Undergrad: 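Below is the structure I would like to discuss, written out as C-alpha cells.
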Amino acid sequence: MEFEINDEEIEILLQDLLDNYGYDFTDYSRASLKRRINRLFMLDKFPSFSLFRKQIQTDSTYFRRFVEEITVNVTEMFRDPAFYRTVREEVLPVLATHPFIRIWHAGCSTGEEVYSMAIMLQEAGLLKKSLLYATDLNPGVLDRLRKGIFPLRFIKQYSENYIQSGGKEDFSRYYTAKYDWAKFDEQLAAKMVVATHNLVSDRSFNEFQLIFCRNVLIYFDRNLQDRALQLFDESLDTLGFLALGAKEQLKYSSIYKKYRQLDNKDRIWRKIT
Amino acid sequence: MAENHVKATPQLIVIGGSAGSLEVILKVIPALQLHLPVAILLVTHRKPSNDDILVDLLNTKSNWPVKEAEEKEPVLPHYIYVAPADYHLLLEKDHSFSLDVSEKVNYSRPSIDITFESAAEVYGPSLVAVLLSGANADGVEGMKRIRRLGGYCIVQDPATADVEYMPAQAIAQGVANTILSPEGIAQFINELFTAG
C-alpha cells in the first residue's frame, strides 16, 4: 500500500478533529493511526488530501465513519481463552462475595467480550446481581452491541474459545441462528448499560469491582496510557481487578505499585491498596 | 541486479517468513556473528500459542539475546526481536515498536507487509529486509515500499525454499536486490559490517 497522506497532513487532520469535534487523537501512537488513515483514504477513493480533509470537517456522518475506521474494532468472544479461564476460576469466586457486582468494559467495541462475560456470570449464577457497563467512543459499534447480533461464520471459533475457557454448556443455547447471523439471548443484554465514553477526555463515572480494557492501551502513547490507567484506578474498588489485553502492561505506569498481578501470566492485576 | 549494494549503514534487519521459514531462521540466526551493531526483527506466521516456544528455541540456538517485541519498547542493536503472534507489529518514528490488532492482511496477523511498510517509513535506506519461504505473497508489497524508500531487499533463493511461492513472487515482481541461499543470507549479513 502506498502512503498518500504524510506525517504533516496527519497532524493537520488530528488538529481538525480536536477543533471541530472535540475528539483528541493527538496522544495516539502514530504508526497504526497513519496506516489506518491511509487505508481509509484509499478505500473511499479520495482524489486529494484537501477533499478528504474537507469531507471530515463538514460532514458529521463521514466524521463518524472516519473515527470508526481509524480506531480498531476487531474483537472476538472469549478472546484468549486461557485469560477467560482465569477470570472464571479466580475472579468470579471473589465477585460472588459481593451483594451487587459492577463491571466496566472500557473500549468494548461491538461487545463480543461483554457477552462473553455475561455468559460466564450467568453460568456462575451471578448475572442477576450484576451490571456490565459497556463503553466505547464509537456510537456505531455500540448500536451493534445493543442488538447482540454477530456474524454466524465466527461462531465456530467462539464456541471453541468458550470450551477452552472452561465452558461446560452447549454454546448454542446462548444464541438463535438465523440466515448468516447469531442473535444472543436478550437476558444477557438486559444486564448491560451501554454508553459512549472517551478514555481520552471523559471522567470516571462509577466504582467497579472489575474493569476490562483489552487491546485499547496499545494504541495510546505512554503518557495517555498512564492517564487512562489513573482513570481506571479512580474507578476501581480496593481489591478490585483490572484486566488488560494479552500484550499490555502496568509496569510502566504510575499506578503500578498499588497493584499485584495474579500469579499466572495472564494480564489481570488486583488493586491492593 | 544492478543496485546490488546497501546504501546506508543498516540499523534494522527485518526477516519475514511463513510456511517453511523456521528451518531457514534456525540456519541463519546461529550463523550470525556476535555483536553486530544492528537490531534484527523476525516476523513469521504462526499459531498464537507458540509465542514463547519460538523465543525459547532461538535463545538456545543463538548467542544474541532473543526476546518478544513489546509495545513501546525501544529498538536496540545487538537484540533479536520476535513479533508476537496475533498482532501486527509496526515501527514508530522514535524507533520503538507498536502493536495493532486490526484486521488480518493477506490472511495473516502479524502481516509481513505491514511491518515492512512501517519499517520502510521509519528506517528508509538503513533498512534491510529478508523474505523467506512461504505459501502466500505477504511481504512482497512491503518490499516494493522498502525499495522506493531506499532500503535493501534480500529474497531467499526459491530453489532452497521449502515452499517457494513467497520468494518466487518477490522475484517475479522485481523487488529483490539479491537472491541468496540460507547460508548466503547469514554470510551477507555478517559482511555488511565487516567489509567496510
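In the text below, chain A, chain B and the rest are named by the order of the sequence lines, each starting its count at 1. Fair warning: this is a prediction, and the values are worked out from it, not measured in the lab. Note: hydrogens, waters and symmetry copies are ignored here, and every other heavy atom, side chains too, is used.
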Undergrad: Under 4.5 Å heavy-atom distance to chain A, tell me which part of B/L91 shows up: side chain, backbone, both or neither.
TA: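 B/L91 touches chain A through backbone heavy atoms alone.
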Undergrad: Taking C-beta and beyond as the side chain, do A/R79 and B/V101 meet within less than 4.5 Å on heavy atoms?
TA: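 A/R79 vs B/V101: side chains touch.
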Undergrad: Can you tell me if B/E164 has over 12 outside heavy atoms packed within less than 6.0 Å of its CD?
TA: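 12 or below, so no.
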Undergrad: Kindly determine whether B/K93 and A/D7 satisfy salt bridge (Lys or Arg N to Asp or Glu O under 4.0 Å), including the steps that lead there.
TA: CA-CA 10 Å; B/K93 264 201 283 192; A/D7 293 349; 2.9 Å; yes
Undergrad: How far apart are the C-alpha atoms of A/K247 and B/Y87, what are their side-chain angles, what is the distance that settles it, and do they pass the side chain to side chain contact (heavy atoms under 4.5 Å, CB included) test?
TA: CA-CA 9 Å; A/K247 303 298 175 190; B/Y87 285 79; 3.4 Å; yes
Undergrad: Would you please test B/S118 and A/K34 for side chain to side chain donor-acceptor pair (under 3.5 Å) and show each step?
TA: CA-CA 10 Å; B/S118 170; A/K34 186 175 182 186; over 6 Å; no
Undergrad: Flag yes if more than 12 heavy atoms outside A/Y62 fall under 6.0 Å of its OH atom; otherwise flag no.
TA: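 More than 12 within 6.0 Å, yes.
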Undergrad: Verify the neighbour count for atom OH of B/Y79: are there more than 12 heavy atoms of other residues, nucleotides or ligands below 6.0 Å?
TA: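 No, not enclosed.
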Undergrad: In terms of heavy-atom proximity below 4.5 Å to chain B, should A/N73 be classed as side chain, backbone, both, or neither?
TA: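 No part of A/N73 comes within 4.5 Å of chain B.
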Undergrad: Taking C-beta and beyond as the side chain, do B/E103 and A/R39 meet within less than 4.5 Å on heavy atoms?
TA: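 SC-SC contact between B/E103 and A/R39 confirmed.
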Undergrad: Would the number of heavy atoms belonging to other residues, nucleotides or ligands and lying under 6.0 Å from NZ of B/K61 be above 12?
TA: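 12 or below, so no.
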Undergrad: Measure the CD-OG distance between B/E71 and A/S29 for me, rounded to the nearest 0.5 Å.
TA: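 Rounded to the nearest 0.5 Å, the CD-OG separation comes out at 7.0 Å.
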Undergrad: Can you tell me which portion of A/A246 sits under 4.5 Å from chain B's heavy atoms? Options are side chain, backbone, both or neither.
TA: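 Answer is both: backbone and side chain atoms of A/A246 are under 4.5 Å from chain B.
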Undergrad: Count the heavy atoms belonging to other residues, nucleotides or ligands that lie under 6.0 Å from NE2 of B/H35, then report whether that count exceeds 12.
TA: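 Check fails, neighbour count at 12 or below.
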Undergrad: How long is the gap from CG on B/L90 to CG on A/L33, to the nearest 0.5 Å?
TA: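 Interatomic distance, B/L90 CG to A/L33 CG, rounded to 0.5 Å: 11.0 Å.
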Undergrad: Where on B/S102 is there a heavy atom nearer than 4.5 Å to chain A: the side chain, the backbone, both, or neither?
TA: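 For B/S102, backbone and side chain are both near chain A.
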Undergrad: Count the heavy atoms of every other residue, nucleotide or ligand shown that sit under 6.0 Å from CG of A/N223, and state whether that count exceeds 12.
TA: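 More than 12 within 6.0 Å, yes.
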Undergrad: Within this structure, what is the CG-CG distance for the pair A/N215 and B/L99, rounded to the nearest 0.5 Å?
TA: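 A/N215 atom CG to B/L99 atom CG measures 9.0 Å (nearest 0.5 Å).
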Undergrad: When you compare the side chain of B/V105 with that of A/R35, does any pair of heavy atoms fall below 4.5 Å?
TA: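 Side chain of A/R35 against side chain of B/V105, heavy atoms only: contact under 4.5 Å found.
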Undergrad: For residues B/K72 and A/I218, report the shortest heavy-atom separation together with the two atoms involved.
TA: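 Shortest heavy-atom contact: NZ-O, 3.3 Å.
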